[in-house]
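Data block below; observations after.
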Number of protein chains: 2
Amino acid sequence: MITINEIAQRANVSRTTVSRVINHSGYVSEEVKRRVLKVIEETGYVPSENAKSLRTKKTKVIGVILPKISTETSSRLVKGLDEIFAKEGYQILLANTNLDPEKEIEYLRLLKSRHVDGIILSATNINSPLVEEIYQLKIPFVTVGQHIPGLANVIFDDYQASKDMVHLLINKGYKNIAFIGVDEEDRSVGYLRKLGFLDAMKEKHLPVEESWVQKGIFDVDSGYECMKSIMDTSKRKPTAVLAVTDRLAIGALQYIKETGMSIPDDIAVAGMGASELSRFISPPLTTIEFSMKDAGREAAGLLLEQINGENDHEIIRKIKYRLLERSSI
Amino acid sequence: MITINEIAQRANVSRTTVSRVINHSGYVSEEVKRRVLKVIEETGYVPSENAKSLRTKKTKVIGVILPKISTETSSRLVKGLDEIFAKEGYQILLANTNLDPEKEIEYLRLLKSRHVDGIILSATNINSPLVEEIYQLKIPFVTVGQHIPGLANVIFDDYQASKDMVHLLINKGYKNIAFIGVDEEDRSVGYLRKLGFLDAMKEKHLPVEESWVQKGIFDVDSGYECMKSIMDTSKRKPTAVLAVTDRLAIGALQYIKETGMSIPDDIAVAGMGASELSRFISPPLTTIEFSMKDAGREAAGLLLEQINGENDHEIIRKIKYRLLERSSI
DNA sequence: CTGAAAGCGCTTACAG
DNA sequence: CTGAAAGCGCTTACAG
């Protein structure tokens with residue numbers, strides 16, 4: 001490992017001077033500069049970011065905490081983040097919690113110990129020890145997808161999006177609408193989307209049978225099972241089903257197809273998330289596009305502002321969503 | 001920012017001692033240990049990894065260079081990597097080249113300057129300046145997906161996989177097989193898969209019309225265009241088409257469906273990659289599963305071995321693949 | 001069992 | 001325009 005001292009020696013200058021030419025700071029005569037640059041070139045010297053950040057207190061690294069690493073949601077989010085951060089010379093340090101709440105806290109500390117310049121958290125379940133930890137962090141911080149009071153938030157209007165979808169279904173003439181949700185611990189996807197569904201139905205005075213409302217987990221098989229369960233246990237069969245994620249919707253769709261019923265004539269299906277699958281499945285799935293890439297860009301922007309000392313109060317930035325009406329309804 | 005000095009002061013010991021209790025190294029009396037631990041607890045002190053690595057020369061960070069950040073391939077690879085690395089306390093620093101060859105070299109240097117303990121490169125195009133740079137790096141290094149002589153490689157047998165798929169098609173009775181490839185600069189996906197196709201056809205003495213062989217890029221639309229071009233320009237129409245990625249195959253499939261032809265009766269379609277789409281598209285797509293997750297695990301393992309001073313010679317680890325025969329052929 | 005001191009590779013006032 | 005010195009927050013021989 002070649003160091004600044006070695007460059008200084010070889011170029012016959014002090015390491016102060018070498019530092020100055022590397023960082024384009026302070027005055028250095030043209031001749032000396034050339035000499036130093038030449039030695040750097042020859043040796044292939046690369047300054048140690050570690051040593052540098054020990055002094056400057058800046059690492060140019062952003063910690064990104066993800067609940068799952070290989071989902072479409074996460075990878076689009078990271079793409080959006082990286083788009084902005086890379087431009088400003090920041091790199092992303094990944095922390096994958098695998099949905100383990102303890103890991104969230106653990107990684108928060110780890111990222112702090114690595115002196116990242118900021119943290120982006122894409123959480124599913126927000127619990128109070130986590131929030132406590134975040135408040136004590138004193139590091140630029142932005143959360144995506146879930147609201148945490150007092151911090152910078154980039155979120156979607158899950159409640160309204162869900163309502164909008166129900167309205168769309170109702171406008172198309174569907175009245176008996178079933179619902180496949182997820183655990184309400186997940187406030188955005190589990191609680192708010194369900195609430196939007198229930199409120200929309202209530203406002204239109206449409207009854208919701210208990211058996212029409214099922215709770216699954218985040219995968220296709222679970223959607224399949226939920227749909228089966230809806231059909232098996234309901235006296236009055238629904239004519240439409242809304243699932244809080246596309247994967248759940250696609251599972252439901254598979255079950256319906258298997259039983260020989262037709263979509264949307266016998267049952268309409270709608271999802272949320274605008275996964276790539278939704279476009280290519282047959283029939284194409286009606287869904288809601290939440291642009292995670294935009295969310296990522298927005299979150300990166302907010303974090304950068306905090307790093308530059310602006311906007312250290314609560315911010316709630318809602319990302320627009322779009323209803324994608326396709327032939328499954 | 002609270003430091004080891006402050007802990008030492010508060011606990012009335014030297015920072016040497018604090019260091020010892022943090023790292024469980026050397027003797028510390030039970031009583032002193034308790035005192036130090038208590039202060040650490042109270043203050044929420046987290047040692048600076050930066051300062052630590054400046055001394056120890058270890059960062060516990062692995063640099064991962066990806067050609068594209070939000071593809072299924074990349075995210076599965078990262079998942080496999082993270083699975084192994086996280087267990088050993090390593091974190092991943094992401095570097096996304098967006099297919100820009102200059103960025104590969106730039107990031108190689110950047111990662112070096114950050115003193116990552118090792119680098120994983122998932123490259124598409126290997127050029128000689130890049131290879132030169134890698135050889136000079138002197139950092140534990142593993143490449144995934146493309147072969148680089150003299151280094152540790154985790155690859156798939158693209159040539160044989162392609163051949164196997166052609167044999168499968170031939171065994172099913174297809175003789176006029178078209179091919180949608182990508183630029184041969186990409187040695188694995190572009191060159192080797194095409195060569196496998198051509199050799200398999202040649203060995204069975206099956207002619208390949210020039211118009212049957214098209215070159216696209218990595219997306220669905222491109223597959224659509226290639227298929228259109230095959231059908232428009234061929235006097236003798238093919239009865240099957242093999243595409244080097246699932247997305248290309250799905251584009252082809254869309255075009256075929258649009259023209260009212262039936263799959264596989266009029267034309268059979270096969271892809272490669274076992275994307276999630278391939279399972280849910282209709283008809284389900286015959287494809288080849290290259291497990292990127294396994295590749296990731298394997299690559300992480302090899303890198304860890306190098307970090308521990310083993311296996312610094314060339315290694316070629318081939319990851320198994322599986323033919324997934326589905327109703328598109 | 002404990003601590004003083006040197007050193008990791010940088011940057012940054014300060015002085016000249 | 002240039003350099004000597006202090007210091008960032010740790011670890012690690014060395015000495016006691």
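Naming: A, B, ... by sequence-line order, numbering from 1 per chain.
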I'd like to know if the side chain of [X] and the backbone of [Y] have a donor-acceptor N/O pair within less than 3.5 Å.
| X | Y | result |
| --- | --- | --- |
| A:Ser74 | A:Lys68 | yes |
| A:Asp82 | A:Val78 | no |
| A:Thr97 | A:Glu104 | no |

Picking from [options], which would you name as closest to the side chain of [X]?
| X | options | answer |
| --- | --- | --- |
| B:Thr17 | C:dT2, D:dG9, D:dG7 | C:dT2 |
| A:Ser14 | D:dG3, D:dC10, C:dG3 | D:dG3 |
| B:Ser19 | D:dT2, D:dC8, D:dT12 | D:dT12 |
| B:Thr3 | C:dC1, D:dC10, D:dC1 | D:dC10 |
| A:Thr56 | D:dT12, D:dC1, C:dT12 | C:dT12 |

[X] [atom1] to [N] [atom2], straight-line distance once rounded to whole Å:
| X | N | atom1 | atom2 | result |
| --- | --- | --- | --- | --- |
| B:Asn23 | D:dG9 | CG | P | 17 Å |
| A:Glu6 | C:dC10 | CD | P | 11 Å |
| B:Arg55 | C:dA5 | CZ | P | 16 Å |
| A:Ile4 | C:dT11 | CD1 | C1' | 8 Å |
| B:Arg114 | C:dG9 | CZ | C1' | 15 Å |
| A:Ile7 | C:dT11 | CD1 | P | 13 Å |
| B:Leu54 | D:dC10 | CG | P | 12 Å |
| B:Glu49 | C:dC8 | CD | C1' | 15 Å |

With a 4.5 Å limit on heavy-atom distance, are the side chains of B:Val61 and B:Arg114 in contact?
no
Contact check, side chains of B:Gln306 and B:Ile139, non-hydrogen atoms, under 4.5 Å:
no
Could you state the interatomic distance from [atom1] ([X]) to [atom2] ([Y]), rounded to the nearest 0.5 Å?
| X | Y | atom1 | atom2 | answer |
| --- | --- | --- | --- | --- |
| B:Leu110 | B:Leu93 | CG | CG | 7.5 Å |
| B:Leu121 | B:Thr143 | CG | OG1 | 5.0 Å |
| A:Ile120 | A:Leu81 | CD1 | CG | 5.0 Å |

Categorize [X] for me: base, sugar-phosphate, or nothing, with a 4.0 angstrom heavy-atom threshold over every strand shown.
| X | answer |
| --- | --- |
| A:Thr16 | base |
| B:Asn50 | nothing |
| A:Asn5 | nothing |
| A:Ser29 | sugar-phosphate |

Go through the steps to decide whether B:Thr59 and B:Asp117 satisfy the test side-chain hydrogen bond (donor to acceptor under 3.5 Å, both in side chains), and finish with yes or no.
CA-CA 6 Å; B:Thr59 53; B:Asp117 290 344; 3.3 Å; yes
Under 3.5 Å for both distances, Watson-Crick or G-U wobble, that's the pair rule; now give the dot-bracket for DNA chain D, with | marking pairs to another strand and [ ] for crossing ones.
|||.||||||||.|||
Looking at B:Lys57, does any N or O in its side chain come under 4.0 Å of the phosphate oxygens OP1/OP2 on C:dG9?
yes
OP1 or OP2 of C:dG3 sitting under 4.0 Å from any side-chain N/O of B:Tyr27?
no
Side chains of A:Asn127 and A:Glu185: donor-acceptor distance under 3.5 Å anywhere?
no
By nearest-nucleotide position on DNA chain C, the 5'-leaning member of B:Glu30 and B:Ala51 is B:Glu30
Report the residue (B:Arg15 or B:His115) whose heavy-atom-nearest nucleotide on DNA chain C is the more 5′ of the two.
B:Arg15
Below 4.0 angstrom, N of the basic side chain to O of the carboxylate: do A:Arg10 and A:Glu6 qualify?
yes
What protein N or O atoms touch nucleotides 14-16 of chain C N or O atoms at under 3.5 angstrom, if any, and at what distances?
none

